Structures are given as structure tokens and as C-alpha cells.
Amino acid sequence: MRKRIAVVLSTALVVLALGAPTASADPDNPPDFKMPFPCGQAWAMFTYEGHGPADGSQEQKRIDMQWPDGETDGADVVASAGGTVSHVEPGGVHIDHGNGWFSQYLHMSDRVEEGKVVKEGDWIGNASNVGTNDPHLHYQQMYDFDGNGYPTEGGDGGPDELVHPVIQGKEYRITPGNAENLKSTNSCDGGGDPEPEPEPEKTALTYTGDTSISNGSAAELSAVLEGKAGEPVADRPVTFELGDGDSAQTCEGTTDAKGAATCPIDEVEQPLSDDATVPLTAAFEGDDEYEPSDDTANLDLRYVTGRGYGLSAKVPLPLLPLVIDPTPDTGTVREANAETASPECAEGIEALVLSAGGLCSEVVTETGPSRSTATSTVADVSVGLPGLPAIEVSGITATSTSTCSSAQGSVSLELSIAGTPVSLPDTPNFVIDLGVAGKLVVNEQIPADDADKGLTVNAVHLTALGGADVVIGSTTTGAFNCP
């Protein structure tokens, strides 16, 4: 509560007579005084220093009122009980309720005319700062113990004519520095009970943000909040939670005039699940006007795959078939984060019909944006299959790279067949016909058919009659859940 400025009461209000005393004064049966404000309004009741009796005690009988939920200056003031407006002057109104009872209202701007008969809840003025610096309503109740038609403090007809106010059935003795809130039941329907609070309006929240996200990159989360008939709900907070448990990332946005709330996740950090999705929850907690609502979604988490190996071979030799599993093999890498898979290089391979040296492979995945690069290198390979000329390859490097925007491959090597160097074009899938006995494909590039972006690159792929199949320098990458 703010510090208040002492009230200046009009001298005229404590010296003017209000009319003849009533014939049937009854101090034990006061009117059923209500809050002097329209039904349902809750006002703060407090009191200033100096409102107590002359002996300095804090038995305060005067109450000051301000509206914490609205603008006090200009707020409607209504009669706390029915009666006759017995006196009006700048800032002040007295109402004679009969049987010796009066109520007084001070610091009002516009006021009802003197002599008007009012009933409970009728307008009598507007709260303001007339006679003070701080807009508020000064309210008090009095009884004419002296029987002289006007109650004055300390009269000889009885005790102090100002009484501790009884409002809506409860007596209030508020002291400086303390305050109480009270909701008005003045002229409420239903026998004096306040009008029921309006039921909060139902809402619907719909997620409208990114549906595909990438670790290491920003994500924009958004939702639209609507009320009845699809009307947008503005100026309400919406909380977003990306992921769950220890990996949850949250942010909050406020709905605009179109009901849209947006907030960013500066850098996504989410684990890669089996189905490569991340749960998303958008929630509006609700308030006095609107019911809560939420929406959920599963966002696609972008990820990449990769594999690299130096050499593999299947040669159905008579009596002793030759099988060389992919060596060295990274295995299939599936990642949404930055990682490197690099098995130990193989010094060499020696078999009946082929030999190879210095074989290495590696897969590197990156984020922001997602990228997979597979690389395979082989120092040299010699192949001598029955029925085919001798094939020698050296300085082999094969690379495959995939992102959500492209898949690219490259190969570098030197090739000789039957001792003769072969000039190779810088184009993929260059075929060298070895006759009916076989075929050699250099820089073989095979686009993936099960990824958004993907590519397999084989530096050399040899096939021969009888089912022989030799792959030298193989790399494969793919990018998934691309937008």
C-alpha cells in the first residue's frame, strides 16, 4: 500500500445541520450498509493517520478506499443504503437513512443533487481527489445520539457519534498501515450475493512452428491461441517445452493480436531416438478470463548416416572361394550430433588373386547444419582374376558427403590395366569394358533411394564372369528428416 496523504475534511461538513431528527431514532438497528460501490467490485479499505479520536488512540472509525483492480479516479460511488441526500457540497455527500442514521462520502468530483431520494446502489458521485492529493473515497457512518438533527463527535447526547462502520454485516476497525479487501454486494442479484464470476472462456492452442529441427541449429517454436468462434486471444503467455526429462529445453512467448506466440530455441540439443522424433508441448496455463489449453507434436530430428570401408571381395574360385569382408569397416553410423568413427587402418591384405596395402576409412558427422562425410583411402591394390588382364590401382581416395541440401561424391586414383595406364575422365560412373569376362566401373556413384539425400561412392567396382565382385574404396552417406 502506498503512503497516503492526510485527508483535509471540509469544515462546513461538521457544522451544517442536516435537518430535523427522525421521530423514531433507533441506535440498535442500523441500516444494512453495503460497500459504496457497484456489485462485484473489490476495493481496498485502509485509513490515514489522524483519523482516530482526539485522545490519540487508534480506534479508527473513518475508512478510506481505493480500487486496486481499476482506476480509482472517476470510479462510480453508490449509496451504501437507501435514504435522502441531506447535504451536498464540493467533494462531499451526506445521506440521511432515517432512524438517526447517516453515511458520509468525501473527495468526490461529480455528485448527486441535494434532496434526492436514493435507494441502495444508486449513483451518488465519482471518487476523486477533491480536498486531497491522492484519489480515494473517504467513507464513514454516524448516528445522531444528540437528537439535534446532525451528528457531531463528542456531543452531550451520547458517545462519539461516529461509529465503527459495519459493512455487509461485519464491523471494521482498520488501523493505519493495514488494509483489507472487500468485494461489494451492493444491489447484487440473488438476495445480496455478488454476481457470479463469469466462467472462463474455452480456448484452443495449436502448434504452428518448425516441424523439422537440427541439433546445433536454432529452432522457432510457435502456436496460435484462439477463444470461442476461433477469435484470437492476445497478450497471453505460452510456454514451449522441446524434449522431455533431462534433455528438455523451454522458452516462452506472448500472443500477439492474431493470437500467435513465438519463441526461439537458440541451439537445439536433443538425443536421437529410434523414430528420430522429439516431443513438443505448447501450453497456456489459463487465467480468470480464459481456460487453459495445450497442444503436442512430434518434431522430426534431422540426422545423418555414413559408412566407409577400404575393400571387399567375393570371388568364387574353384575349390576355394575367396571372401573378404569390408575392411577396415566403420560400420553404419547414425548420428544427430557431431561424432567421428575411425577404425584402425589395415596395413595390408594378401589373397590368392589380389593384394592391397594401406587401407583406411572414416565417417565424420557435423551439426548446425547436419552433415555426414565418409572417406576411404587405399594406397594400392593389385587384382589378377582368371580370364582378366592384371589390374593395378594406387593413390585411391573416395569421398561421399550428404547434407539436407545436397549429396556429393568424388574419387581420385591412378589405374593401369595389363601394365598400361588408363586416362580417366572427371565424371562419375566411367565404365571400362573388359570383354565378356568382366566390367570395371570407376567413380561409381549410386544415389540412395531411402533417404532425403544420400549417395554411395565406390572408387573402383569390378565384376566378372562367374559372380566375382570386388569393391575398392567404398563410402556411403545420407541425410534424413530434412524439411
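Quick caveat, the model's predicted, so the values are computed rather than measured. Sequence positions, counted from 1, serve as the residue numbers for this chain.
One side chain, Asn458 or Ser474, offers a donor N or O that lies under 3.5 Å from an acceptor on the other. Looking only at atom types and distance, the side chain of Thr277 has a donor-acceptor partner in the side chain of Asp275 under 3.5 Å away. In this model, no donor atom of one side chain and acceptor atom of the other lie less than 3.5 Å apart for Asp134 and Thr132. When only modelled atom types and interatomic distance are considered, Ser212 and Arg302 share a side-chain donor-acceptor pair under 3.5 Å. Tyr105 and Ser80 share a donor-acceptor pair across their side chains, judged by distance under 3.5 Å alone. Side-chain contact check for Ser400 and Thr475: no donor-acceptor pair (N or O, by modelled atom type) lies under 3.5 Å.
To the nearest 0.5 Å, the span separating CG on Leu465 from CG on Leu434 amounts to 12.0 Å. Distance check: Arg307 CZ to Ser376 OG gives 11.0 Å after rounding to the nearest 0.5 Å. With rounding to the nearest 0.5 Å, the separation of CG in Leu272 from CZ in Arg334 is 4.0 Å. Ser370 OG to Leu301 CG: the interatomic distance, rounded to the nearest 0.5 Å, is 7.5 Å. The structure places NZ of Lys314 at 11.5 Å from CG of Leu322, a figure rounded to the nearest 0.5 Å. In this structure, CG in Asn186 is found 8.0 Å from SG in Cys39, a value given to the nearest 0.5 Å.
Surrounding CD of Glu285 are at most 12 heavy atoms belonging to other residues, nucleotides or ligands under 6.0 Å away. Environment of CD in Glu347: sparse, with no more than 12 heavy atoms of neighbouring residues, nucleotides or ligands closer than 6.0 Å. Heavy-atom contacts from other residues, nucleotides or ligands closer than 6.0 Å to CG of Asn181 number more than 12. Counting non-hydrogen atoms of other residues, nucleotides and ligands closer than 6.0 Å to CD of Glu252 gives a total above 12.
Looking at Asp122, its side chain never comes within 3.5 Å of a backbone N or O of Ala79 through a donor-acceptor pair. Of the possible polar contacts, one joining the Asn126 side chain to the Gly74 backbone as a donor-acceptor pair under 3.5 Å is found. The backbone N or O of Gly209 lies less than 3.5 Å from a partner atom in the side chain of Ser222, making a donor-acceptor pair. No donor-acceptor pair closer than 3.5 Å links the side chain of Thr250 to the backbone N or O of Glu241. Checked by atom type and distance alone, the side chain of His107 never pairs as donor or acceptor with a backbone atom of Gly91 at under 3.5 Å. Looking at Ser187, its side chain does come within 3.5 Å of a backbone N or O of Glu120 through a donor-acceptor pair. Side chain of Thr403 to main chain of Ser406: a donor-acceptor pair is present (N/O by atom type, distance under 3.5 Å, no hydrogens or angles). With hydrogens and angles disregarded, a donor-acceptor distance shorter than 3.5 Å links the side chain of Thr255 to the backbone of Val233. The closest donor-acceptor contact from the side chain of Asp469 to the backbone of Thr463 lies at 3.5 Å or more, if one exists at all.
Contact record, Glu362 with Thr340: OE2-CG2, 3.9 Å, taken as the closest heavy-atom pair. Across every non-hydrogen atom of Lys34 and Thr185, the tightest pair is CD-OG1, 3.4 Å. Among all heavy-atom pairs drawn from Ala336 and Thr367, the shortest one is O-CG2, 3.3 Å. Smallest separation of non-hydrogen atoms from Val441 and Val431: CG2-CG2, 4.2 Å. Contact record, Leu455 with Pro447: CD1-N, 3.8 Å, taken as the closest heavy-atom pair. The minimum heavy-atom distance between Ala479 and Ser402, with the atom names listed, is N-CB, 4.0 Å.
Val77 has its side chain within reach of Phe37: a pair of non-hydrogen atoms, C-beta onward, lies under 4.5 Å apart. Considering only heavy atoms from C-beta on, Tyr139 stays 4.5 Å or farther from Trp43 through its side chain. Using a 4.5 Å heavy-atom cutoff, the side chains of Asp325 and Tyr309 are not in contact. Within the 4.5 Å cutoff, side-chain heavy atoms of Val460 are placed close to those of Leu440. Side-chain contact between Ile167 and Ile63: present, with at least one pair of heavy atoms (C-beta onward) separated by less than 4.5 Å. When side chains are defined from C-beta on, Val470 does not count as touching Val381, because their heavy atoms never get closer than 4.5 Å. Taking 4.5 Å as the limit, every side-chain heavy atom of Thr305 sits out of range of all side-chain heavy atoms of Ser372. Inter-residue side-chain proximity for Asp110 and Trp123 is flagged as met; some heavy-atom pair is nearer than 4.5 Å.
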Could you list the donor-acceptor pairs under 3.5 angstrom formed by side chains in residues 288-300, with sequence neighbours left out?
unit_1, atom_1, unit_2, atom_2, d
Glu289, OE2, Arg236, NH2, 3.3
Ser293, OG, Thr203, OG1, 2.8
Asp295, OD2, Tyr207, N, 2.8

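Below 30°, between 30° and 60°, or above 60°: for Phe46 and His136 the angle between ring planes is between 30° and 60°, a tilted geometry. Taking the six-membered ring where tryptophan is involved, the planes of Phe480 and Tyr303 are essentially parallel, since the angle between them stays under 30° and well short of 60°.
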If you apply the rule side chain to side chain donor-acceptor pair (under 3.5 Å), what do you find for Glu180 with Asn178, and how did you get there? CA-CA 7 Å; Glu180 290 190 45; Asn178 296 295; over 6 Å; no
Show your working on side chain to side chain contact (heavy atoms under 4.5 Å, CB included) between Leu388 and Leu462 and close with a plain yes or no. CA-CA 11 Å; Leu388 293 180; Leu462 171 64; 4.2 Å; yes
Test side chain to side chain contact (heavy atoms under 4.5 Å, CB included) applied to Val304 and Arg371, step by step: CA-CA 6 Å; Val304 292; Arg371 175 189 296 267; 5.7 Å; no
Determine whether Leu137 and Met108 satisfy the following criterion, side chain to side chain contact (heavy atoms under 4.5 Å, CB included), listing intermediate values before the conclusion. CA-CA 7 Å; Leu137 178 72; Met108 294 192 297; 3.8 Å; yes
Yes or no on side chain to side chain contact (heavy atoms under 4.5 Å, CB included) for Thr327 and Leu311, after CA distance, side-chain angles and deciding distance? CA-CA 5 Å; Thr327 305; Leu311 181 144; 5.8 Å; no
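Considering Lys183, Gln41, Gln168 in turn, Gln168 is the only one that fulfils the side chain to side chain contact (heavy atoms under 4.5 Å, CB included) rule with Met35. Only one option out of Asn443, Leu415, Leu424 pairs with Phe430 in a side chain to side chain contact (heavy atoms under 4.5 Å, CB included); it is Leu424.
Applying the side chain to side chain contact (heavy atoms under 4.5 Å, CB included) test to Glu267 and every residue at least two apart in sequence or in another chain returns Glu269.
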